[in-house]
Amino acid sequence: MEKTTMAFRYFMPADTYFGRGCIEAHKDVMEKLGKKAMVVTGRSSAKKNGAQKDVTDALDSLGIQWVLFDEIGENPDLETVERAAEIAVKVGVEFFIGIGGGSPMDASKAISVMAANPGKGSDALFDGNSAALPVVAVPTTAGTGSEVTQFSIITLHEKRTKTSIAPKVFASVSYLDPKYMDTLSPKITNNTAVDALTHLIESYLSGSANFISEKIVEMGLSIFRECIPALKAQQYPAEIRDKLMLASAIGGVAIAQTGTSLPHGMGYFLTYEKHLAHGMANGVLTRAYLEQFPEGDEKVAKLLACLGMKDTAEMGAFMDAVLEHTETYTEKDIAYYTERFLETPQKMATFPYPLTKEDVYKMYEKSLLK
Ligand code: NAP
Ligand code: ZN
């Protein structure tokens, strides 16, 4: 194609319903997905916040049979996905409903790929050509945006990190009901809100950003800005829950176009090695990431202005205020993370300026050895 100043694709195929009571109001759209579903959840939250019951009531009323797999842990690993897929194949599941944070939603996507390709085993997750069975996503945290992205992040113990599966799996249907977040603790609310914020930031500043993704992010940042006082005060009235869920979904739509960037790629090692929550891992690296851009960078300035922040120090202070980051690190740790991050040149390439090993080390150093 001829090179022009503007050329991009915008693709976001998830049929998305937002609002309190949206599962009951729009359950009919699940009818076309199949006659037998697997409901995929974490161990307890979907039972406590009412999402599991809303889903199974809807399935019962539509005459869709279902089985429950409620063993998804945080940062789901390949072994759990394999176990669920084996059951799904055995009982003839035709579609999957992931309820929870990013972990059950991502796991549902990976399980759907393995169940659609029973002969391939886990290889199905790493070749880009494998088909998937339909997935429905019901987020109960406001952070990952997995309900509107094609990504599924799985932990590979063999590689001591997390990785995106190769097939692109968008949910066929997503139900975003903010009431499920009423049971979320301040800690998980803030960690996941920071995940949503970092999606917006990394998408905006990525070398893959385009006209539409940037406008979407600006809208998301202005909504997120209205949540900042509530996140600091740890007070989350209904309108804030609505806004957080919106900002998260908008962040998802944005990274579905551009992917994430350095804090995500660099943060995976903090999650694997130090068990930092995903959002926190990105958040602690964000100030140093912004400061890696040349001084006076116009896009960084515009992004901070959208959030009502005057400089990168204010971003750092915001992260300090909303995240409880108490982990300690050594120089040996960050040398190891630096080496590991260099193994993902595709993530490094999202940074729109040249980036050296020393730059990566310094970002870790500034963020973790302060
Ligand atoms: P999560 O790992 O899904 O859940 C964290 C914790 O929150 C779990 O203990 C869970 O309990 C609990 N929880 C969930 N909803 C709750 C509610 N409404 N009330 C009370 N507790 C609740 O956390 P997450 O941050 O949402 O997801 C992180 C994962 O998503 C990571 O693996 C990350 O890599 C991935 N991710 C994916 C994308 C994407 O585009 N696909 C983007 C960013 C991140 P239960 O275990 O009992 O449910
Ligand atoms: Zn994320």
Side-chain angles (χ1 to χ4, degrees), residues 12 14 39-52 54 69-78 80-81 98-110 135 137-156 161-165 168-171 174 176-203 236 241 244-245 248-249 251-272 275-283 285-286:
M12 212 304 285
V39 177
V40 179
T41 71
R43 293 205 173 77
S44 65
S45 71
K47 293 178 181 57
K48 292 183 190 148
N49 63 36
Q52 184 177 315
D54 285 354
F69 187 86
D70 59 1
E71 296 169 32
I72 305 297
E74 291 180 33
N75 307 300
D77 59 21
L78 178 61
T80 311
V81 166
I99 308 173
S103 297
M105 290 191 287
D106 280 13
S108 302
K109 296 176 185 178
V135 172
V138 183
T140 66
T141 63
T144 71
S146 179
E147 67 277 10
V148 288
T149 75
Q150 66 277 47
F151 308 124
S152 163
I153 318 289
I154 297 300
T155 296
L156 297 179
T161 189
K162 295 163 54 163
T163 189
S164 202
I165 67 167
K168 297 180 166 62
V169 186
F170 278 101
S174 289
L176 286 72
D177 186 335
K179 77 166 179 264
Y180 301 136
M181 296 196 300
D182 288 346
T183 53
L184 268 180
S185 65
K187 190 169 161 185
I188 301 178
T189 302
N190 284 9
N191 284 341
T192 48
V194 166
D195 188 23
L197 174 61
T198 55
H199 294 161
L200 292 165
I201 293 173
E202 291 173 44
S203 172
Y236 316 99
R241 291 288 185 202
L244 287 172
M245 188 156 259
S248 168
V253 171
I255 59 168
Q257 313 310 315
T258 62
T260 56
S261 189
L262 305 188
H264 270 71
M266 292 169 66
Y268 288 157
F269 308 107
L270 309 187
T271 296
Y272 194 89
H275 311 292
L276 255 61
H278 171 69
M280 183 185 290
N282 308 327
L285 295 162
T286 294

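Indexing begins at 1, ligand by ligand and atom by atom, following the structure's order. The shown structure was predicted, so the numbers you read here are calculated from the model rather than taken from an experiment. Note that the numbering runs from 1 along the sequence shown for the chain.
- For atom 42 (C) of ligand 1, the nearest protein heavy atom (residue, atom name, distance) is Thr144 O, 3.3 Å.
- With values rounded to the nearest 0.5 angstrom, Thr260 atom OG1 is found 7.0 Å from Phe151 atom CZ.
- To the nearest 0.5 Å, atom CG of residue Asn190 and atom CG of residue Asp195 are 12.5 Å apart.
- Shortest non-hydrogen contact noted between Val148 and Ala256 is O-CB, 3.7 Å.
- Remark: ligand 1 atoms within the under-4.0 Å shell around heavy atoms of Ile153 are 34 (O), 37 (C).
- A heavy-atom distance below 4.5 Å is found between the side chains of Thr80 and Phe69.
- Set against the non-hydrogen atoms of Arg43, the atoms of ligand 1 under 4.0 Å away are 45 (P), 46 (O), 47 (O).
- The protein non-hydrogen atom at the shortest distance from atom 44 (C) of ligand 1 is His278 NE2, 3.2 Å.
- At a heavy-atom cutoff of 4.0 Å, ligand 1 is contacted by the side chain of Thr149 but not by its backbone.
- With a 4.5 Å cut-off on side-chain heavy atoms, Gln257 and Met12 count as touching.
- Nearest non-hydrogen protein atom to atom 18 (N) of ligand 1 is Tyr180 O, 2.8 Å.
- Here the NE2 atom belonging to His199 is positioned 10.0 Å from the CG atom belonging to Leu197, to the nearest 0.5 angstrom.
- When heavy-atom distances to ligand 1 are checked against a 4.0 Å cut-off, Lys48 has no atom that comes that close, whether in backbone or side chain.
- Considering just the N/O/S atoms of His199, the one nearest the Zn ion (ligand 2) carries the name NE2.
- Looking only at heavy atoms of the protein, atom 34 (O) of ligand 1 is closest to Lys162 NZ, 2.8 Å.
- Scanning the protein for heavy atoms near atom 12 (C) of ligand 1, the closest one is Ile188 CD1, 4.0 Å.
- Looking at Thr258 and Ser203, their side chains do bring a donor and an acceptor atom within 3.5 Å of each other.
- Our summary of the site lists the angle at the Zn ion (ligand 2) between NE2 of His278 and NE2 of His264 as 100°, to the nearest 10 degrees.
- Within ligand 1, counting atoms from 1 as listed, the ones closer than 4.0 Å to a heavy atom of His199 are 42 (C), 43 (C).
- Partner of Ile99 under the side-chain contact (heavy atoms from CB on, under 4.5 Å) criterion, out of Asp54, Thr41, Val40: Thr41 alone.
- Note on Asp195: its N/O/S atom closest to the Zn ion (ligand 2) is OD1.
- Salt-bridge formation is not detected for the pair Asp106/Lys162: no Lys NZ or Arg NE/NH1/NH2 atom is positioned less than 4.0 Å from an Asp or Glu carboxylate oxygen.
- Atom OG of Ser146 is separated from atom CZ of Phe170 by 10.5 Å, given to the nearest 0.5 angstrom.
- Contacts between Met105 and ligand 1, counted as non-hydrogen atom pairs separated by less than 4.0 Å, are absent for every part of the residue.
- Contact annotation for Asp195 and ligand 1: only side-chain heavy atoms (C-beta onward) come within less than 4.0 Å of the ligand.
- Between Pro139 and Tyr180, every side-chain heavy-atom pair lies at or beyond the 4.5 Å cut-off.
- The line from OG of Ser45 to CE of Met181 is 12.5 Å long, rounded to the nearest 0.5 Å.
- Residue contacts with ligand 1: Asn49 is placed with a nitrogen or oxygen under 3.5 Å of a nitrogen or oxygen of the ligand (distance criterion only).
- For Asn75, heavy-atom contacts with ligand 1 shorter than 4.0 Å involve the backbone as well as the side chain.
- If you check each of Gly102, Ala46, Gly42, Ala51 against atom 23 (O) of ligand 1, the one with the closest non-hydrogen atom is Gly102.
- When hydrogens are left out, the protein atom nearest atom 2 (O) of ligand 1 is Ser103 OG, 2.6 Å; that is the closest non-hydrogen contact.
- Contact detail for Thr189 and Thr192: the closest heavy-atom pair is O-OG1, 3.0 Å.
- Remark: of the listed residues Val169, Val138, Val135, Val135 is the sole one forming a side-chain contact (heavy atoms from CB on, under 4.5 Å) with Ser108.
- Among Ala256, Pro104, Ser45, Ser44, the residue whose heavy atom lies closest to atom 21 (N) of ligand 1 is Ser45.
- For ligand 1, the polar-atom distance check finds no N/O of Tyr268 at less than 3.5 Å from any of the ligand's N/O atoms.
- For ligand 1 and Thr141, the ligand atoms under 4.0 Å from any heavy atom of the residue are 14 (C), 15 (N), 26 (O).
- Note that the CG atom of Leu184 and the NZ atom of Lys48 stand 11.5 Å from one another [nearest 0.5 Å].
- Contact annotation for Phe151 and ligand 1: heavy atoms of both the backbone and the side chain come within less than 4.0 Å of the ligand.
- At a 4.0 Å heavy-atom cut-off, ligand 1 touches Glu74 through backbone and side chain alike.
- Of the protein's non-hydrogen atoms, the one nearest atom 15 (N) of ligand 1 is Thr140 OG1, 2.7 Å.
- Heavy-atom contacts of Gly101 reach the following atoms of ligand 1: 3 (O), 26 (O) (cutoff under 4.0 Å).
- A pairwise comparison of heavy atoms in Ala142 and Ala196 identifies O-CB, 4.3 Å as the closest pair.
- By heavy-atom distance, the residue among Asp106, Ile165, Thr183, Asn191 lying nearest atom 19 (N) of ligand 1 is Thr183.
- The shortest N or O to N or O distance between Thr192 and ligand 1 is not below 3.5 Å.
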